[in-house]
*Asks:* 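I'd like to ask some things about the structure below.
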Amino acid sequence: MAVPAENTPAAPASAPPAIAFEGVTIRFATPSGEIHTVMSEVDLAVEEGTFVALVGPSGCGKSTLLNAAAGLLFPPAGTVRVFGETLTGINPHAAYLFQQDALLPWRTVLDNVCLGLTFRKVPKARAAAEARRWLKRVGLAAFEDRFPHQLSGGMRKRVAIAQAWIVNPRLLLMDEPFGALDVQTRQIMENELLELWQETRKTVLFITHDLEEAIALADRVVVLSTGPARIKGDYAIDLKRPRDVAEIRLDPAFNALYKRIWADLRDEVLKQEEGAHGA
Amino acid sequence: MAVPAENTPAAPASAPPAIAFEGVTIRFATPSGEIHTVMSEVDLAVEEGTFVALVGPSGCGKSTLLNAAAGLLFPPAGTVRVFGETLTGINPHAAYLFQQDALLPWRTVLDNVCLGLTFRKVPKARAAAEARRWLKRVGLAAFEDRFPHQLSGGMRKRVAIAQAWIVNPRLLLMDEPFGALDVQTRQIMENELLELWQETRKTVLFITHDLEEAIALADRVVVLSTGPARIKGDYAIDLKRPRDVAEIRLDPAFNALYKRIWADLRDEVLKQEEGAHGA
Amino acid sequence: ADMPQVKLAIGGPSCLCYLPTVLAHQLGLYKKNGVDVEMIPLKGGSQALTAVLGGSADVVSGYYDHTVELQPKGKILESFVVYDRFPGLVLAVSPKYTDKIKTVGDLVGQKVGVSAPGSSTDFFLKYALHKDGKDPNSVPVVGIGLGATAVAAMEQGQVQAAVMLDPAVTLMKGKYKDLRILIDTRSQADTRKVFGGDYPGGALYAPADWVKDNPAAAQGLADGMVETLKWIHSHSAEEIMAKMPAEYVGKDTALYLAALKNTIPMYSKNGVMDPKGAQAVLDVFASSDKEVANGHVDLSRTYTNLYAKKAASKLGIPTE
Amino acid sequence: MARERPPAVVATRKRASRWLVLALQVGFFVLVTGTWQAGATTGWLDPFFFSKPSDIAGRMAEWILSGYIWPHLIVTLTEAMAAFAIGIVTGVLAGLALARVELLAAVFDPYIRIFNALPRVILAPILIIWFGLGMGSKIALGVTLVFFVVFFNTFQGVREVDPVVLNNARMLQASDHQLMRHVYLPSAMAWIFSSLHTSIGFALVGAVVGEYIGASQGIGYVVSQAQGVFDTTGVFAGLILTSIVVLCIDLAIEALERYLLRWRPQS
Amino acid sequence: MARERPPAVVATRKRASRWLVLALQVGFFVLVTGTWQAGATTGWLDPFFFSKPSDIAGRMAEWILSGYIWPHLIVTLTEAMAAFAIGIVTGVLAGLALARVELLAAVFDPYIRIFNALPRVILAPILIIWFGLGMGSKIALGVTLVFFVVFFNTFQGVREVDPVVLNNARMLQASDHQLMRHVYLPSAMAWIFSSLHTSIGFALVGAVVGEYIGASQGIGYVVSQAQGVFDTTGVFAGLILTSIVVLCIDLAIEALERYLLRWRPQS
Ligand SMILES: Nc1ncnc2c1ncn2[C@@H]1O[C@H](COP(=O)(O)OP(=O)(O)OP(=O)(O)O)[C@@H](O)[C@H]1O
Ligand SMILES: Nc1ncnc2c1ncn2[C@@H]1O[C@H](COP(=O)(O)OP(=O)(O)OP(=O)(O)O)[C@@H](O)[C@H]1O
Ligand SMILES: [Mg+2]
Ligand SMILES: [Mg+2]
């Protein structure tokens, strides 16, 4: 890769976790003036080099947690530590793939993918070459001169993936990256992600609605409970590596894990549904 | 339901199709000035009261097809007919659930759900009562006074679903409605949709990336081929009705259908990937 | 009760040259003579004139020369009482150029300030040059206004000389004792030297039709004005100042008083137009305005002494 | 550091304390007026042209206490507010209409630009002919200034509407009128408010300049009188007084803006 | 109906044909000038105040052919363009700075509003005292008008940036300066251009009014001279000529706008 890699090989166990939430509480003011506590005293530590998937019912606070990890939200109580240091601004080690469209509408696909390199002052030609390589990987080589509004939803998402991955960060935050992709493209992207992670031992924090995806990719699946969010379950996924996402699903261990986590998750969702319907 | 239902019971076979594409061609100008033909001479007829799922690789033109059905795009060649009449403006029989966020950011959740009724001059109190009923159905009763930016991605999607369904249209156009929802919420919404459709025999045109979902819900799955889009396959789903989306997947016929369609779709996706990578 | 109502538009009411108009109102002399006057202050003489021609006001209190200027344009305006017998225009040299410019002739090729191009000050300058045997177009003019801008332009030497009016002249004179004044038409001597007779400045005038249709109002205005002129010439400057509204006097009363003292001789004694003065106005325009030169201006239609003479005779003032 | 934080704050922007802001505002004020006062006292600034802050303050106090200024201020404000209201309504309506009806926009576009470039202050005499010497002409002058600022922003604001949101409303069968009310207008609201901050100033400029050219009352008249007698203190006192009043109106506009735009994420 | 349609058009808005637009524009022009001419000829409009279109056209032709107007026009345009350029640069910079640095905004906010409400035309004499009778004072007057229009729009435009896009750039490690250049500025571009359409007019108003109050050349001088001798034809000829020139500049601005904003979906 042309970009200098920031990452180091898997840290010794004594090293501080890549990211650690300590008693993180997050509240929002609702329009009626009440305080809505989205998450209350959440503790979670992610060791460097691990791949953690976050699952939980819609609206439970997954994106909020990722925002706190990115340094975009400043929790009113509790601390977020990144590689041992308390986060006070933007997390400098992380790349963030947002749930919403976040491409710069005034830049072409190529320029959007280059963006992180441009900000790091990589020479233009080298950045463009690197970006083209990435566009090929996400299957959009033919679209480099388009503006975001000229792409389909799935294509925009793939551009965003290339934009986040090209900077080769130590910590990858991904919020439902593959939800808008068709099954096949999704498998290709999942395998790309695994390869990337395996090569460079990044730390990955990954939100998905697809429990199968979570198990297929992650070392650890964390189940969030609903309002206020707490860690409901934390499952180690001890499936063999390297994996192929299509094959791993056929593994019997996979199914056992799925059932265990699913039971847990289902409770949570049902609880939330009841709460909402009851309100 | 408080809203007068526009729908009629399943039309006789001689009735015109609910929606018919006849030789529809759609092109866009690319930034380099070339003409990009997204879809070329597509013919597709959807009989009234049927539930049709559209699947196809990312960027193949599914949303574009739905836009044409909605009357938001005016194809330079070919015609779109709705209940026999050529479409020249906005489709007056359709409700459209957009792929992107499309809520009015300046209206609260409740007001957003009311919107279609407000436009139809339904009295305020009745509209609000109806909207509250729908909010309960999508599990957001507690959030009626929030503004869209105060919701999570999945919650916004559910508001949009309520917004589209409340107007009780003859024709439902839905672009990946459940992609952003967690598995459990998604199943609830899928069952709601089936119930709604069964009750009132709406015509549904439904885009999804999830082939299982397509088969579980639809009467007919249409596979679109990639660039320029054509109809690659058209499968009748003759599974029993009424269905429960969780149970139907256990049906052996389901699996057979899945394999057939998947083989077809996979070819398409692989072809596109090659094309893109080769370009 | 059915006193005629008159809307009187004044251009630049703080100019001392218009003082009698305001004073008459302050002394209640219009009302006493049977007209109910509403005073409408405007920024300049031409705006006042425009207001009257547009029908927003009835009578202008402004410089007589506009009546001559507008006749070729088809606007027949008639002056019926004149309260300034000299124009009060002063051609002064910038303090920075006192040594360089000693006569009108020295102005050739220098920049000279006027209140606005095309205004009375501009015509005055051109006429003075013409009289001096110089080409009026050999002196580029700069619009510098009448107020603080004019003072600043002179002090900063942005113009070499300027045509000014009071109170600016008195103010300059107070700041610069050796201010060189080339022509001072606040005095009879200079006015006669330049124009060969009296030269009418401020007057009350109105469209000829209005005068014809409202003889009572015109007479009342003339009566009030002539009575005011008599009052002015029989009172001290301090007494006059005491009668003026505070906002016209401003905070610097010493300056006002000094300027007023310089100006009092300029006010007419009887309100009557000197025909030689009217001719002089025509000559001034003819020297630089083609339209007036070729326009066969009928001076007799630009003024009438009927009302002023009647007013003067009522008060026993001689009209020569 | 973690003692008293508001419910949820974005990390990098810390809200400056009210007291610090106030202190800096006062400091800036003291700096400017102090320099001015010192300059005028030492003769570096000629008080004849620039007056002195102390004199200006004294004059303002005198005017206010004696009651002299109130009727003038009321006249000017009446004119300015009338011009502001008329300018907003016409500007918003024209902006909405032209942004929606392409033909109208194409046809009138060059004419609107031409009018916008006309120095309206010079046309004041013509406005006086049309609207008389009373409030009418001042209001008209103000309207010609306010209109264009509001118009251009409304026009652009309408065009900036998110096409997906717009299409959503259209699919929900909004009539043209409903689109206008529920989509275009709220979407353009931020644009319109931005133009209001500029144009409240212009409304006042119109009124004051109109009075300055010809009137028997109003702040413009007061200023014009003061200028005529070389009373710089009076000129500044009149202008500053008006500005302070406008500041109050502008703050009210902002409160309204904050209420109407409460739906947006706070940044 | 389906004969010759452009690549992909949104259904409800049909693009009006160029010829129709041109025909309507000319029609409107003929209607207005025709009425004017007829009114002035029949005496319904007093030609003393309103002149006649034919006379105005004649005067403009005369000025252009004799070359009389060129030096004046060039002076005025130089002043206007200088004021425009300075006003844009300062307005955009101030807008960016204040929108980004909350403390700065909080502190200067009231002062900016106060200045915006100052009737600058009345301050023209003071500007003339400061900057002299030459181009400086006209440019300064123009800048005081342009600045606020650009400033308020830039300020608001920066605040309107999509928070998700902004956060994305921040996560990609954009420095403050890079955020400005790659995110805030392009995002505010539509806002800035909208303000340019308004403010090009004001730049010219500043120059012309400044010349009108005190100058020895420029269109304002010409107009002032014409007004001094009650030559309405000259006044209109001067104003209209200037407006036409501004129209040309504005069209150039629009071309630039279309290029810089080519990334947006055509509506
Ligand atoms: N600005 C805000 N103001 C008020 N409440 C907010 C705000 N942002 C988020 N919330 C609330 O926080 C909760 C969690 O939101 P979050 O986006 O983290 O959910 P999520 O787990 O990512 O859901 P999804 O899977 O639907 O994306 C939601 O209930 C939402 O309403
Ligand atoms: N305005 C536009 N200009 C140019 N090309 C466009 C435009 N809109 C869409 N396209 C192209 O049309 C094609 C189909 O887009 P469409 O949004 O219909 O895809 P899709 O099937 O919905 O994909 P996805 O599943 O990713 O949403 C894409 O290749 C896209 O680049
Ligand atoms: Mg989320
Ligand atoms: Mg799509």
*Asks:* Determine whether more than 12 heavy atoms belonging to other residues, nucleotides or ligands lie under 6.0 Å from atom CZ of E:Phe29.
*Replies:* no
*Asks:* What part of E:His177 lies closer than 4.5 angstrom to a heavy atom of chain A: side chain, backbone, both or neither?
*Replies:* neither
*Asks:* Given a strict heavy-atom distance threshold of 4.5 Å, which part of A:Gln99 is in contact with chain E: side chain, backbone, both, or neither?
*Replies:* neither
*Asks:* With a 4.5 angstrom heavy-atom cut-off, could you sort out which part of A:Asn67 is near chain E: side chain, backbone, both or neither?
*Replies:* neither
*Asks:* Does A:Arg170 count as lying over the ring of A:Phe83, i.e. NZ or CZ under 6.0 Å from the six-ring centre, within 45 degrees of the axis?
*Replies:* yes
*Asks:* Do we get A:Arg146 above A:Phe143's six-membered ring, with its NZ or CZ under 6.0 Å from the centre and within 45° of the axis?
*Replies:* no
*Asks:* Taking side chain as everything from C-beta outward and backbone as N, CA, C, O, which of these in A:Phe98 sits under 4.5 Å from a heavy atom of chain E? Side chain, backbone, both or neither.
*Replies:* side chain
*Asks:* Please state whether the side chain, the backbone, both or neither of A:Leu97 comes within less than 4.5 Å of a heavy atom of chain E.
*Replies:* neither
*Asks:* On the six-membered ring of A:Trp197, is A:Arg201 placed so that its NZ or CZ lies under 6.0 angstrom from the centre and within 45° of the ring axis?
*Replies:* yes
*Asks:* Need one label for A:Phe147: side chain, backbone, both or neither, based on atoms under 4.5 Å from any heavy atom in chain E.
*Replies:* side chain
*Asks:* Measure the acute angle between the ring planes of A:Phe51 and A:Phe206, then classify it against the limits of 30° and 60° as parallel, tilted or perpendicular.
*Replies:* tilted
